[in-house]
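Counting starts at 1 for both ligands and their atoms, following the listed order. Position 1 is the first residue of the sequence, and the numbers go up from there. Note that the structure is predicted; figures quoted are calculated from it, not measured.
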Amino acid sequence: MSSTPSLEELPPIAQPDDELQYFETHAPPANIAQLSLEVRDFIAHHHAAHRRVVLVSSGGTTVPLENQTVRFIDNFSAGTRGATSAEYFLEAGYAVVFLHRQFSLLPYSRHYSHSTNCFLDYLSEWGRIGEGEDAAEGGDVVVKQKYRQQMLDVLRKYRRAKENKTLLLLPYTTVTSYLFLLREVAMRMQVLGSEGLFYLAAAVSDFFVPPDRMAEHKIQSGDIPGAAGEDNHAAAAVAPGPRGKKLVIDLDPVPKFLNRLVEGWAPNAMIISFKLETDSAILLYKCRQALERYNHQLVIGNLLSTRKFEVVFVDNKKNENWIRVPEAKEGEEQLEIESLIVPEVVRRHNQSIGGASIHRF
Ligand code: 9Z3
């Protein structure tokens, strides 16, 4: 049986004091001031152009085990959901702040960055002259004929987003840097009021090592002569067990900041969170529970094993609507589920701001 904790048993949601405490006791990302200015200019530009802005979070956050980080706990996510959705938001006329795990999939380049579709496989050599070392001289690299149309389509969309400056890339790695950036962007997006949209697809760690219990240096598996085990034993949160054979990790819950986003950082925006589960028996329960706890507009639920084929929209009016990808016919490519999710999100966003139209290029 799965255990489904009741609301009372869950870790408490973050209050303004928890926010103060967290952001005062954790170091912000080193470049936050610079990124914040970029976000400000991006939002001001699109706000002046009456263009809606969506923050898409994507990829998984890490939890470092050491200050000088060698080891960390990771969260599952390749960034497919976020990167793919960002493309459909751009097509729908939104400007996108793409808050993503560094080196995870990015809009447009994601088509050519998997090991199954390495960009080199799309290329061939044309005008090859000579042999051996001289073979490339005078030659050109071209896209293979059968991929040209598809690549051209992607390239044009990518270039349009670049020229129109509609895509802002903001990388994070740790759960702390993610939270600092989310808060920063949310505050900057306040000027957009209800035209602002948050689409939180990133897989965010629920547990972390608090700074006062974090080892400074790499955790050692054995005794180091002369070092007196200082690092390991100082790190009360992460320490080797008896005789150094086990590593015992004691994690604290990450404060539930979705509440602060809804109430304090982006009170007028539309906020959509994702809920990932592996047990289908508890998915809907967990979606409803998230809505009850955080009072935002929509939770999109998905199961790890079927996330590319079906998701469920659970809204604050207790509606539950499944979106499923139709099965592809032979020889046809499977539809991307994000091509169905994003238009439905946009429809709901339109509705929530009274059907205002979107300004497109
Ligand atoms: C999701 O549920 C995303 O859809 C996936 C996308 C991470 C499954 P991929 O990147 O996967 O396409 O491979 N994101 C939210 C996951 C999450 O951590 N949600 C929290 C929770 O479930 C709430 S913020 O408690």
Side-chain angles (χ1 to χ4, degrees), residues 2-5 7 10-11 13-14 55-63 73-89 98-107 110-111 113-116 172 174-175 178-179 181-183 186 198-208 253-262 265-266 271-280 282-314 322-323 325 334-342 344-345:
S2 307
S3 64
T4 48
L7 284 180
L10 293 168
I13 52 180
L55 175 134
V56 174
S57 76
S58 183
T61 62
T62 69
V63 169
I73 301 173
D74 210 346
N75 251 59
F76 157 84
S77 171
T80 313
R81 173 82 78 229
T84 310
S85 301
E87 288 181 19
Y88 289 107
F89 276 118
F98 191 63
L99 179 58
H100 66 284
R101 164 75 176 277
Q102 190 178 33
F103 308 129
S104 65
L105 292 177
L106 294 178
R110 67 163 176 113
H111 296 272
S113 54
H114 261 315
S115 51
T116 49
Y172 67 79
T174 64
V175 63
Y178 167 83
L179 289 170
L181 289 169
L182 177 65
R183 185 175 72 149
F198 290 77
Y199 181 88
L200 304 173
V204 182
S205 320
D206 284 330
F207 300 98
F208 78 124
V254 174
K256 295 290 178 192
F257 282 122
L258 190 48
N259 181 55
R260 296 303 307 134
L261 178 69
V262 176
W265 308 343
I271 296 172
I272 302 172
S273 69
F274 276 76
K275 175 59 73 183
L276 173 63
E277 292 299 337
T278 54
D279 179 355
S280 61
I282 63 169
L283 179 64
L284 282 168
Y285 173 83
K286 296 295 292 247
C287 292
R288 291 182 204 123
Q289 191 181 57
L291 280 174
E292 254 179 73
R293 290 192 94 197
Y294 305 114
N295 287 312
H296 55 310
Q297 288 82 352
L298 180 68
V299 175
I300 302 179
N302 55 179
L303 292 170
L304 184 66
S305 55
T306 56
R307 69 191 189 283
K308 289 184 197 287
F309 310 108
E310 59 175 18
V311 298
V312 59
F313 279 46
V314 181
W322 287 90
I323 288 188
V325 173
Q334 183 83 46
L335 260 189
E336 294 178 316
I337 193 166
E338 292 78 8
S339 72
L340 305 175
I341 297 175
V342 171
E344 178 55 21
V345 165

Open item on the list: I need the nearest protein heavy-atom contact for atom 24 (S) of ligand 1: residue, atom name and distance, please.
Closed with: F274 O, 4.0 Å
Open item on the list: Please report whether ligand 1 has a polar contact with L200, defined as an N or O pair separated by less than 3.5 Å (distance criterion only).
Closed with: no
TODO: Indicate yes or no: does an N/O atom of F76 lie under 3.5 Å from an N/O atom of ligand 1?
DONE: no
Task: Heteroatom distance test (K308, ligand 1): nitrogen or oxygen, under 3.5 angstrom - done: no
Task: Selection from K256, K275, R81 by shortest heavy-atom distance to atom 21 (C) of ligand 1 - done: K275
TODO: Write down the atom of H296, the atom of L291, and the distance for their closest heavy-atom approach.
DONE: O-CD2, 3.4 Å
Task: Numbering as shown, the atoms of ligand 1 that approach G79 to under 4.0 Å (heavy-atom distance) - done: 10 (O)
Task: Short N or O distance, V204 and ligand 1, threshold 3.5 Å exclusive - done: yes
Task: Residue from D74, T61, T62 passing side chain to side chain donor-acceptor pair (under 3.5 Å) with R101 - done: D74
Task: Under 3.5 Å: N/O of T80 near N/O of ligand 1 - done: yes
Task: Heavy-atom nearest neighbour in the protein, as seen from atom 3 (C) of ligand 1, with distance rounded to 0.1 Å - done: A201 O, 3.5 Å
Task: Shortest non-hydrogen contact between V325 and L340, atoms and distance - done: CA-CD1, 4.2 Å
Open item on the list: Once you restrict to heavy atoms under 4.0 Å, what part of R307 touches ligand 1? Side chain, backbone, both or neither.
Closed with: side chain
Open item on the list: I'd like to check the side chain to side chain contact (heavy atoms under 4.5 Å, CB included) partners of S85; sequence neighbours left out, ordered by chain and number.
Closed with: R81, F89, Y199, E338, V342
Task: Gap separating the CG atom of L303 from the CG atom of L276, nearest 0.5 angstrom - done: 8.0 Å
Open item on the list: To the nearest 0.5 Å, what is the distance between CG on L283 and CG on L304?
Closed with: 11.5 Å
- [ ] Around atom 2 (O) of ligand 1, find the nearest protein heavy atom and jot down its residue, atom name and distance.
- [x] N302 ND2, 3.0 Å
Open item on the list: If I compare all heavy atoms of A83 with all of L106, which pair ends up nearest, and what's the gap?
Closed with: CB-C, 3.6 Å
Open item on the list: Just to check, does S273 reach to within less than 4.0 Å of ligand 1 when the distance is taken from its heavy atoms?
Closed with: no
TODO: Check whether any N or O atom of S77, backbone or side chain, sits under 3.5 Å from an N or O atom of ligand 1, and answer yes or no.
DONE: yes
Task: R183 CZ to L261 CG distance, which is reported to the nearest 0.5 Å - done: 12.0 Å
- [ ] Distance to 0.1 Å, residue and atom name: give those for the protein heavy atom nearest to atom 22 (O) of ligand 1.
- [x] L276 N, 3.1 Å
- [ ] Report the part of A202 (side chain from C-beta onward, or backbone N, CA, C, O) that has a heavy atom under 4.0 Å from ligand 1; answer both or neither where that applies.
- [x] backbone
TODO: Starting at CD of E87, measure out to CD of E336 and round the result to the nearest 0.5 Å.
DONE: 7.0 Å
TODO: Can you measure from OH (Y178) to CG (L200) and round to the nearest 0.5 angstrom?
DONE: 5.0 Å
